[in-house]
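Data first, discussion second: the structure below is written as structure tokens.
None of these values were measured; they are calculated from a predicted model. We use all heavy atoms of the structure for the numbers below, so side chains are in, but hydrogens, waters and symmetry mates are not. Quick note on labels: first sequence line is chain A, next is B, and so on, each numbered from 1.
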There are 2 protein chains.
Amino acid sequence: MDKFTIKDIAKLGEVSTATVSNFLNGNYTKMSVATRDKLAGIINKTDYHPSTTARNLAKNENKTIGVSVADITNPFTSPVISGLSERCEAYGYKMIFTNSNNDEQREIENINRLREEEVAGFIIDPVNPDSSIYNQLSNAYTVIVDRQARRSVVDTVVTDNMNSVATMVRKMVAKGYDDLYFVSWPLDGVSTRLNRYAGFKLATKYLNDDHLITVPYNTSLSQGSSFDATLDHILANKGDKRVGFFAMNSRTLLQLLKAAQRLNYQYAEDFGVATYEEFEWMQLMNPGISCVRQDSFAIGCAAMDRLKEKLTTAFDNEPAPEVQLIPTELVYRDSF
Amino acid sequence: MDKFTIKDIAKLGEVSTATVSNFLNGNYTKMSVATRDKLAGIINKTDYHPSTTARNLAKNENKTIGVSVADITNPFTSPVISGLSERCEAYGYKMIFTNSNNDEQREIENINRLREEEVAGFIIDPVNPDSSIYNQLSNAYTVIVDRQARRSVVDTVVTDNMNSVATMVRKMVAKGYDDLYFVSWPLDGVSTRLNRYAGFKLATKYLNDDHLITVPYNTSLSQGSSFDATLDHILANKGDKRVGFFAMNSRTLLQLLKAAQRLNYQYAEDFGVATYEEFEWMQLMNPGISCVRQDSFAIGCAAMDRLKEKLTTAFDNEPAPEVQLIPTELVYRDSF
DNA sequence: CTGTTAGCGCTTTCAG
DNA sequence: CTGAAAGCGCTAACAG
């Protein structure tokens with residue numbers, strides 16, 4: 001690679017480095033068009049590129065933002081990154097990327113590395129949004145995506161879990177489903193689950209948790225499981241009621257559908273169903289599954305927009321954290 | 001953020017900046033254990049972090065690699081990035097990330113931006129591996145992943161497309177399938193498609209392209225499409241022949257399966273099928289779909305390994321490009 | 001309009 | 001074992 005510095009091209013142009021610097025920064029008013037053209041020519045010829053490192057040091061600024069994602073493998077993550085990178089580019093920021101692989105410790109290391117890098121801001125898809133590490137990050141230059149802390153300490157952008165579910169479930173109610181159940185992993189204080197369930201209760205107006213069915217996280221159920229039993233119980237005794245299920249995400253939907261298959265119930269006929277999240281394979285199902293389609297790309301965009309906004313305003317003191325809700329798209333098919 | 005510099009902590013420690021620097025770089029032999037401990041204490045207390053920017057400038061090195069991916073949205077990409085980031089971390093590199101969104105022009109801009117950033121090396125998942133932009137990048141510090149140029153100019157790591165497909169299709173042949181078809185997006189000179197198809201021809205020994213079925217890229221087919229027509233034609237007139245399809249990737253598989261569904265053909269009974277790529281949902285299909293499981297994570301790892309290797313060896317002149325094939329895993333289920 | 005010069009925060013000889 | 005000082009490549013007053 002060329003080892004041209006600003007000095008070299010100053011020498012070639014027979015001007016001072018200051019003039020070259022001005023040229024590089026577009027301060028054309030400070031030089032004759034003659035030297036301006038000359039410089040332009042030289043720089044073109046030599047394929048000279050100023051060192052961003054030196055520039056950053058001199059200006060004491062760093063147009064890069066650090067991003068830490070909980071799990072790059074999660075299909076939710078890619079579109080978020082896509083949105084981020086689009087906006088980064090638009091705003092002239094580079095993004096340095098780290099993956100925590102769902103490991104809190106690693107996330108902490110990543111964040112620290114990013115701090116040493118002196119990034120201008122942070123975008124974080126947190127492993128655990130309630131972790132105390134986020135307290136060390138000022139809300140003046142960080143935003144969190146996807147998961148929401150119980151008590152947010154920094155700006156957060158998430159999908160509108162509650163209202164999406166409420167809308168979908170209301171649709172079920174309107175269609176005459178009068179015995180509805182929310183199928184979920186244990187709530188465990190996880191914001192996404194809690195908010196989706198809140199939407200369910202909002203729509204159904206159930207006052208207690210009798211209609212919450214919990215399936216274990218990350219274990220595959222089989223015949224005779226207690227889940228199968230409750231499912232069978234509900235469906236066998238439904239009488240005139242129309243029963244419907246809302247699955248909190250695609251994995252719980254899968255559990256539900258497989259159990260129903262084992263018990264020989266058919267959806268749309270024996271029960272209605274809808275789910276959060278959409279995946280390719282749902283298109284293959286017949287009838288099609290109604291679902292809540294999350295706009296992860298928009299989350300990425302919104303997060304970066306917010307960050308950019310914060311980065312370009314001078315705060316007297318740290319702004320109060322806000323949470324921004326990104327709307328979803330409801331896809332109605334024939335599963336209820 | 002703290003505005004501590006090396007001077008501040010030198011002052012606090014009543015030593016020179018040189019000593020602090022030595023401490024920071026682990027040159028403990030150059031100081032008494034007394035000052036060493038003192039410094040350790042101070043740095044801990046003050047939460048001082050040296051500026052990477054200044055350090056990079058002073059040492060004239062930059063432990064970051066630039067990555068440009070063709071399309072972050074492609075499910076293939078995430079595991080690659082995962083592998084990259086894992087290895088980057090292990091080797092002490094940061095990675096600055098750019099997405100080209102399948103746009104050649106944008107890719108060029110991204111690469112140029114990365115050059116200005118003075119990254120130590122490049123990992124590129126190219127939009128078009130035959131683009132001339134890659135000629136500007138020395139093979140001494142770049143490696144390409146996923147797509148292979150007709151005539152590679154830099155090291156490339158790809159999955160072993162041809163042999164994987166050949167092996168899978170041979171298995172179909174061995175099972176008695178004697179009328180096989182390759183379902184693909186238009187080949188369009190794309191190396192992955194060409195190589196997979198080459199594997200198919202290798203196994204089937206077909207000499208012409210009569211058994212290549214092309215589906216349009218990124219458009220969803222419906223009843224009455226010409227694809228439906230050819231499919232129906234093949235299946236309706238198969239007579240005693242056993243027909244099998246190999247789908248070039250999961251999206252074409254989906255097209256195939258959906259069309260078959262529309263036409264009321266069942267796989268494993270009316271035809272056999274296998275595919276490149278594996279996704280979660282394939283495990284739930286009944287019967288299970290035989291597939292070629294690509295190890296994208298390994299690609300990421302291998303790419304970074306190779307880059308690191310190059311970055312730490314001094315070349316007299318640019319090394320000759322090599323292509324590294326990452327083996328796949330064949331998963332046999334009951335779809336043929 | 002152009003040049004001089006003092007930094008930015010750290011590294012690295014070279015003396016002591 | 002420790003410090004002084006000269007850079008790394010660029011920017012930004014400030015003079016001229």
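- With DNA chain D read from its 5' end, the first of the two nearest nucleotides for B:Lys59 and B:Met31 is the one closest to B:Met31.
- An OP1 or OP2 oxygen of D:dG9 is reached within less than 4.0 angstrom by no side-chain nitrogen or oxygen of A:Ser51.
- Residues A:Glu116 and B:Lys94 are not paired through a salt bridge, judged by the lack of any N-O separation under 4.0 Å between the basic side chain and the carboxylate.
- At a threshold of 4.0 angstrom between heavy atoms, the contacts of B:Thr35 are confined to the sugar-phosphate backbone, with no base atom among them.
- Checking A:Ser51 against B:Glu118 by side-chain atom types alone, a donor-acceptor pair falls below 3.5 Å.
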Exercise. Run the side chain to side chain contact (heavy atoms under 4.5 Å, CB included) check on B:Lys38 and B:Ile42 step by step: do they pass?
Worked result: CA-CA 6 Å; B:Lys38 184 166 55 177; B:Ile42 297 180; 4.1 Å; yes
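- The residue among B:Lys30 and B:Thr17 whose nearest nucleotide of DNA chain D is located toward the 5' end is B:Lys30.
- Comparing D:dC10, C:dT2, C:dC10 against the side chain of A:Thr19 picks out C:dT2 as the nearest.
- Side-chain proximity of B:Ala54 to the nucleotides C:dT4, D:dC10, C:dC10 is greatest for C:dC10.
- Between A:Tyr28 and C:dT2 there is no side-chain N or O to OP1 or OP2 distance below 4.0 Å.
- Distance B:Asp8 CG to C:dC8 P: 11 Å, rounded to the nearest Å.
- If you measure from atom CD1 of B:Ile43 to atom P of C:dC10, you get 10 Å, rounded to the nearest angstrom.
- Look at A:Tyr48 and you'll find a side-chain N or O under 4.0 angstrom from OP1 or OP2 of D:dC10.
- Of the side-chain N and O atoms in B:Ser16, one or more sit less than 4.0 angstrom from OP1 or OP2 of D:dG3.
- Counting to the nearest Å, the P atom of D:dA12 and the CG atom of A:Asn60 are 11 Å from each other.
- In this structure, of C:dT12, C:dG9, D:dC10, it is C:dG9 that holds the atom nearest to the side chain of A:Leu57.
- Residue contacts shown for B:Glu61 are absent, as no nucleic acid heavy atom lies under 4.0 Å away.
- Within the 3.5 Å criterion, the main-chain N or O of B:Asn27 finds no donor-acceptor partner in the side chain of B:Asn22.
- Per the geometry, CG belonging to B:Leu39 stands 14 Å off C1' belonging to D:dG3, to the nearest Å.
- The side chain of B:Arg55 approaches C:dT11 more closely than any other nucleotide in the set C:dT2, D:dG9, C:dT11.
- Closest heavy-atom contact between B:Leu84 and B:Ala303: CD2-CB, 4.3 Å.
- Separating the CG atom of B:Asn56 from the P atom of D:dG7 is a distance of 21 Å, rounded to the nearest angstrom.
- Between the P atom of D:dC1 and the CG atom of B:Asp37 lies a distance of 13 Å, rounded to the nearest Å.
- Closest non-hydrogen pair, B:Glu107 versus B:Val127, comes out as OE2-N, 2.8 Å.
- Residue-level contact check: B:Thr29 touches the backbone only, with heavy atoms under 4.0 Å from sugar-phosphate atoms and none from bases.
- Among the atoms of the strands shown, only primed sugar atoms or phosphate atoms (P, OP1, OP2) are found under 4.0 Å from some heavy atom of B:Asn25.
- Which of C:dC1, C:dC10, D:dG9 sits closest to the side chain of A:Ser32 comes down to C:dC1.
- Atom CG in B:Asn27 sits roughly 13 Å away from atom C1' in C:dC10 (whole-Å rounding).
- In the set D:dG9, C:dC8, D:dG7, the nucleotide with an atom closest to the side chain of B:Lys7 is C:dC8.
- Close to D:dT11, at under 4.0 Å from its OP1 or OP2, lies a side-chain N or O of A:Ser21.
- Rounded to whole Å, atom C1' of C:dC10 lies 16 Å from atom NE2 of B:His49.
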